[in-house]
Structures are given as C-alpha cells and as structure tokens.
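Model, not experiment: these values are computed from the prediction.
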Amino acid sequence: MAFFIFLISVWIVLWLISKFTSAGLLQSHAYKARIAFSAGFIFIGILHIIKPESLTYMIEDFVPYPVFIVYATGFMEIGLAIMIQIKKLRKITGWIIIAYLIAIFPANIYVAVNNLPSPGSLPSEPWYQWLRLFFQPVYIAWVYFCAINPEAKQAITAKSA
C-alpha cells in the first residue's frame with residue numbers, strides 16, 4: 001500500500017508539472033506512470049541492497065539462500081526500472097515485471113498469514129498485511145497500462161466518447 005501511495009504521489013507531481021509547463025512527454029499518462037513506477041522500483045531495489053535483513057524473514061522459511069535472493073531481486077528491480085524506460089525493451093520488461101510481481105506474491109501471503117511485521121517501518125497490524133495483498137493486482141495493472149499497452153486507456157476513452 002505504501003508503494004501505491006508513492007506511485008500516486010509521483011504521478012500527481014508529474015501531472016502538476018505537465019499542467020504548468022509545456023513538457024511534451026509529461027502529457028502522456030503512460031509516461032508519467034512509467035516514471036513513477038521506475039522511481040518506486042529503484043527505491044525498493046536500493047532498500048533490498050542496503051538492508052537485506054529487513055526482507056529476508058519473508059522468504060527464509062521456504063527459499064534457499066534468502067540473503068542472496070534479496071540482493072539479487074534488489075539489483076533486478078533496479079535493472080527492470082531502467083529497462084522499462086527503453087522503448088525497444090518496454091513490452092518485454094513489462095511482462096517480466098508482471099511475472100516478478102506474481103512470483104513474489106507468495107511472500108506477501110506468507111507475511112499476512114503468519115502475522116509477520118511489514119518490511120521497513122510500515123504498520124505491522126494484521127489489517128495492513130492483508131490489505132497489502134489487494135494492491136498486487138493494482139501494480140500489475142499499472143505496469144500493463146504504462147508499459148505493455150499504454151494506448152489501452154486512450155482506446156477505452158475514445159470508445160466511450
């Protein structure tokens with residue numbers, strides 16, 4: 001949920017910039033969404049690298065070499081955040097990110113079911129752990145509409161007009 005608030009906050013800042021400047025690229029909602037997602041993924045990737053112990057508890061019971069996995073996913077998140085900005089790589093990167101978001105979902109379920117603390121300094125109450133699960137499809141949809149099919153929103157809007 002904190003990641004969603006971050007995404008929306010960055011998107012709103014970029015939207016405001018686009019309203020008060022003539023920044024051409026920022027007129028695209030998909031572009032703003034990609035920038036927001038990249039910023040969030042880079043931030044989370046850096047956290048994986050500088051504080052792996054804050055995440056290993058989520059996977060140590062069912063994944064071998066949890067510290068290595070946390071480091072590897074941190075570097076992967078940073079790499080994917082950069083790759084999603086490259087037009088030739090955008091769609092395949094979007095699909096890789098979606099697959100990654102699906103792959104890490106069991107760790108989030110594990111945290112909720114076992115009432116473990118949230119990563120970082122986020123709330124550790126059970127309601128928050130369970131609420132986090134409902135945002136995974138939102139992140140998947142976010143990536144789909146900003147990387148895989150950025151024209152979909154415009155097509156939907158055009159059909160309803």
Side-chain angles (χ1 to χ4, degrees), residues 1-60 62-111 118-122 132-156:
M1 191 162 87
F3 186 68
F4 180 72
I5 292 169
F6 180 86
L7 289 177
I8 294 297
S9 299
V10 172
W11 191 91
I12 288 171
V13 167
L14 294 172
W15 177 77
L16 288 170
I17 291 169
S18 75
K19 290 297 175 193
F20 297 110
T21 68
S22 59
L25 280 176
L26 287 179
Q27 300 308 314
S28 164
H29 296 307
Y31 180 74
K32 291 186 284 263
R34 276 193 306 277
I35 294 291
F37 191 85
S38 287
F41 241 39
I42 288 171
F43 178 74
I44 289 174
I46 290 170
L47 288 178
H48 278 67
I49 295 164
I50 63 173
K51 291 186 81 176
E53 67 280 355
S54 69
L55 298 164
T56 54
Y57 74 95
M58 296 174 72
I59 60 172
E60 63 192 358
F62 56 92
V63 175
Y65 311 108
V67 175
F68 171 77
I69 297 296
V70 170
Y71 277 122
T73 55
F75 284 110
M76 187 175 82
E77 287 168 352
I78 293 168
L80 291 170
I82 294 166
M83 290 169 56
I84 200 171
Q85 298 301 327
I86 302 169
K87 189 171 185 165
K88 287 184 178 182
L89 302 174
R90 187 168 299 142
K91 283 189 180 184
I92 188 68
T93 302
W95 286 116
I96 292 168
I97 292 170
I98 287 172
Y100 173 72
L101 291 172
I102 292 167
I104 64 169
F105 193 60
N108 294 328
I109 294 170
Y110 178 78
V111 169
S118 293
S121 58
L122 299 172
R132 285 180 67 227
L133 300 177
F134 292 101
F135 280 90
Q136 206 77 0
V138 174
Y139 305 143
I140 290 168
W142 188 287
V143 170
Y144 182 81
F145 284 109
C146 78
I148 296 167
N149 194 5
E151 297 82 26
K153 185 174 183 206
Q154 286 123 356
I156 292 168

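A search for side-chain contact (heavy atoms from CB on, under 4.5 Å) contacts involving F20 returns L16, not counting sequence neighbours. With sequence neighbours left out, T93 forms a side chain to side chain donor-acceptor pair (under 3.5 Å) with no residue at all. Looking at residues two or more places apart in sequence or on another chain, you find no ring pair (Phe, Tyr, Trp, His ring centres under 6.0 Å) involving Y65. Listed by chain and number, the residues in a side chain to side chain donor-acceptor pair (under 3.5 Å) with R90 amount to none (sequence neighbours excluded). Contacts of K91 classified as side-chain contact (heavy atoms from CB on, under 4.5 Å), with partners at least two apart in sequence or in another chain: none. In this structure Y71 satisfies the side chain to side chain donor-acceptor pair (under 3.5 Å) test with no other residue, sequence neighbours excluded. Remark: F62 pairs with Y110 by the ring pair (Phe, Tyr, Trp, His ring centres under 6.0 Å) rule, at least two apart or across chains. Residues passing the side-chain contact (heavy atoms from CB on, under 4.5 Å) test with I98 are W95, I102, I140, V143, Y144, I148, sequence neighbours excluded. For V63, the side-chain contact (heavy atoms from CB on, under 4.5 Å) criterion is met by I59, I69, not counting sequence neighbours.
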Could you walk me through whether V67 and E60 pass side-chain contact (heavy atoms from CB on, under 4.5 Å), step by step? CA-CA 8 Å; V67 175; E60 63 192 358; over 6 Å; no
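The only member of W15, W142, W11 that meets ring-ring contact (aromatic ring centres under 6.0 Å, His included) when paired with H29 is W11.
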In residues 1-10, what donor-acceptor pairs under 3.5 Å come from side-chain atoms, sequence neighbours left out?
| unit_1 | atom_1 | unit_2 | atom_2 | d |
| --- | --- | --- | --- | --- |
| S9 | OG | I5 | O | 2.7 |

Side-chain donor-acceptor pairs under 3.5 Å in residues 34-50, sequence neighbours left out?
| unit_1 | atom_1 | unit_2 | atom_2 | d |
| --- | --- | --- | --- | --- |
| R34 | NH1 | C146 | O | 2.6 |
| S38 | OG | R34 | O | 3.2 |
| S38 | OG | A81 | O | 2.6 |
| S38 | OG | Q85 | NE2 | 2.7 |
| H48 | ND1 | I44 | O | 2.8 |
| H48 | ND1 | E77 | OE1 | 3.3 |

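In this structure the side chain of I104 reaches within 4.5 angstrom of the side chain of Q136, judged on heavy atoms.
With rounding to the nearest 0.5 Å, the separation of CD1 in I92 from CD1 in I97 is 11.0 Å.
When all heavy atoms are compared, the tightest approach of A147 to I84 is CB-CD1, 3.6 Å.
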